[in-house]
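Each chain gets a letter, A, B and so on, in the order the sequences are listed, and its residues count up from 1.
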Amino acid sequence: MDDTFDIEGIFRRHFKTVWRLCYSYLGSSADAEDATQAVFMKLLDKPRSFESEGHEKAWLIVCASNWCKDLLKSAGRTRVSTMDAEGTPEFVADPTAGIGIDPAAAALNQNDEVLSAVLRLPETYKDLVFMYYYEGMKTDDIARLTDTPASTVRNRLSDARKLLKKELGGDRA
Amino acid sequence: MTDETNEPMELDAEPVLDEALDGAAEHAGASEADDEEFDALFSVSLRAALDMTGPSLATEDRVFASLFAARGVAVDEPLVPVQDEAAFAEVPAPAVDAVAAVGEAEPAEVLEVAQMPEVPTEVFEPSVVVAQATDPSVTAPVPIVTAAPTPGADAAGSVDSEPAPDETAPRMHVVRGGIAREASETTDLSDARGGKGPLLGRRFSRKFAVTAVAASVAAFALVIGISSLRFGQAPNQLSSKTSSEAAEEAVATSASGEQKDAADGGSSNADTTQEKAESTTPTAESAAADAGSGSADTTAEEDSAAAAPAGDASDDAAKPADAQDDEADATDADGSDEAVPDAAEHEPTPAEVYTSVLISNGGKLVFVVDENGPETVDPTSLGEFMEAAKATDGTNSVECEVYHIIAQSGGDIVLYAVRFESDGTFYLAKSV
């Protein structure tokens, strides 16, 4: 990688990934946008060198994941509005009730059903599911990235799979 | 287990065990296959679902713009990686002993030096007090901008390289080159958006600027059109300047005016800043003026970018604000008179004077006229010479030559090229 800190290049390469990870945590486009901006601001405030694009992506995923977890844990995180700009109902996360989802949103279509299932997962599994299913990363890589034993990652993945199967009606994905 | 005679059946234990083992293995295998199938299907579904949620390219651009706007960092300005310890070593802590005469300010308020060496990015809280610091090694006082204490700054004014944990707080930013900017826009817009950052506000202000420029262009074009009608002349005969040129001029004028306003605004801010300083030095003045003109330039660039689609006035609009002031004044003073001398200079072409051509077969040709005047024909598309004819304006007539045109677009109307001896131009004509 070049020594010059190319924030624009990094942003363009990984914006979508970060945004989608944040969306899978927060369930709202506006919140995902804000969280994504915050993640890149963090990088902008504290420039760093990356060994590769993979390293960049890994750092951003972990950073975004942590940011979203902190956001969800914060006491003030109680969403009132459930409509986005287009009038589409958005998912509601309420820390007092764990990760709560507007049930009506889940029935919109198949895609929302899949997203609803992911959003209902406990936070422990969300980044794992994103990295494994969306990014297609191996469990060993996820273990290295999250600084977690590989066996723990595999166990969590197995648990997440069971929960997802249950959410999606057993054999549907 | 008994048979009909209630005698125990002879069971072959080995096949039963094998069956059980096979069953378990099959079950495990089936479970694994199930998981693999689920993984594959879920992976596809999740990708499709997340890809459909967005984000759009517009969202990406918006976040990108607001990201850099919020941080006050030029996009094309390379930053120094954190590993570059030398760059940080160059940064005095602070470069000048910034804790100096703070005047009436609260003791907790700290100062930072505006003129700093190469610094990647430092973050400060918005300032409310501007004062002046002195460096024992520097004779002249150094211009400074004060800031409220940040979580990462100690009482001596040094600032941690670590950013403050509260990322959403409004900030003041010092960028490379040492120009300090107050992120008041960020603060205001953040409030307007309910603490969600500057996205909406920036969009609104840009949209407002574009709308204002478009409205002034439309108004100017309308005035030109009305004045043309009043004089009973077609717009292309009134002036050598077409309406699009007039619109461009209007955009340039409008941009200049806005730029002037922006420059004035920047200057007034700078003045305010200087008034607040306890004693003002030339260095301080120039730094403050730079800060003011910097914001004016930014506004001008944005305005010119917005005005470019309406007419290429961006070159004029991009001129420095000072240079534009004079031009703007001149335009404001006598801009409405500029079109009159141009109209006097315009000479009608023969095709505008002699509007029809009589040909030998008794037919009549008229010139094809669009909004810019008579249409001309590229000599390369000329066909054979047809005949010499006379063009007439109803009372007078003049000699001309009629040519066929090679490429005809089809249809019932046949096109010709007509050349007058007086100017040698081939004008497009059609039979009527």
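Taking CG of B:Asp35 as the start and CG of A:Leu157 as the end, the distance is 8.5 Å to the nearest 0.5 Å. With values rounded to the nearest 0.5 angstrom, A:Leu168 atom CG is found 5.5 Å from B:Phe38 atom CZ. Summarising the geometry, atom NZ belonging to A:Lys16 is positioned 9.5 Å from atom OG1 belonging to B:Thr59; distances are rounded to the nearest 0.5 Å. In this structure, OG on B:Ser66 lies 11.5 Å from CZ on A:Phe40, to the nearest 0.5 angstrom.
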Any chance you could lay out the side chain to side chain contact (heavy atoms under 4.5 Å, CB included) test for A:Val129 and B:Leu46, step after step, and finish with the verdict? CA-CA 10 Å; A:Val129 164; B:Leu46 182 63; 4.2 Å; yes
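Using non-hydrogen atoms only and a strict 4.5 Å limit, the part of residues 132-139 of chain A facing chain B consists of A:Tyr132, A:Tyr133, A:Tyr134, A:Glu135, A:Gly136.
For the side chain to side chain donor-acceptor pair (under 3.5 Å) test, residues two or more places apart in sequence or in another chain that qualify with A:Arg12 are B:Glu60, B:Asp61. Under the rule for a salt bridge (charged side-chain N to carboxylate O under 4.0 Å, His left out), the partners of B:Asp51 that lie at least two apart in sequence or sit in another chain are A:Arg20. Qualifying salt bridge (charged side-chain N to carboxylate O under 4.0 Å, His left out) partners for A:Asp159, counting only residues two or more places apart in sequence or in other chains: none.
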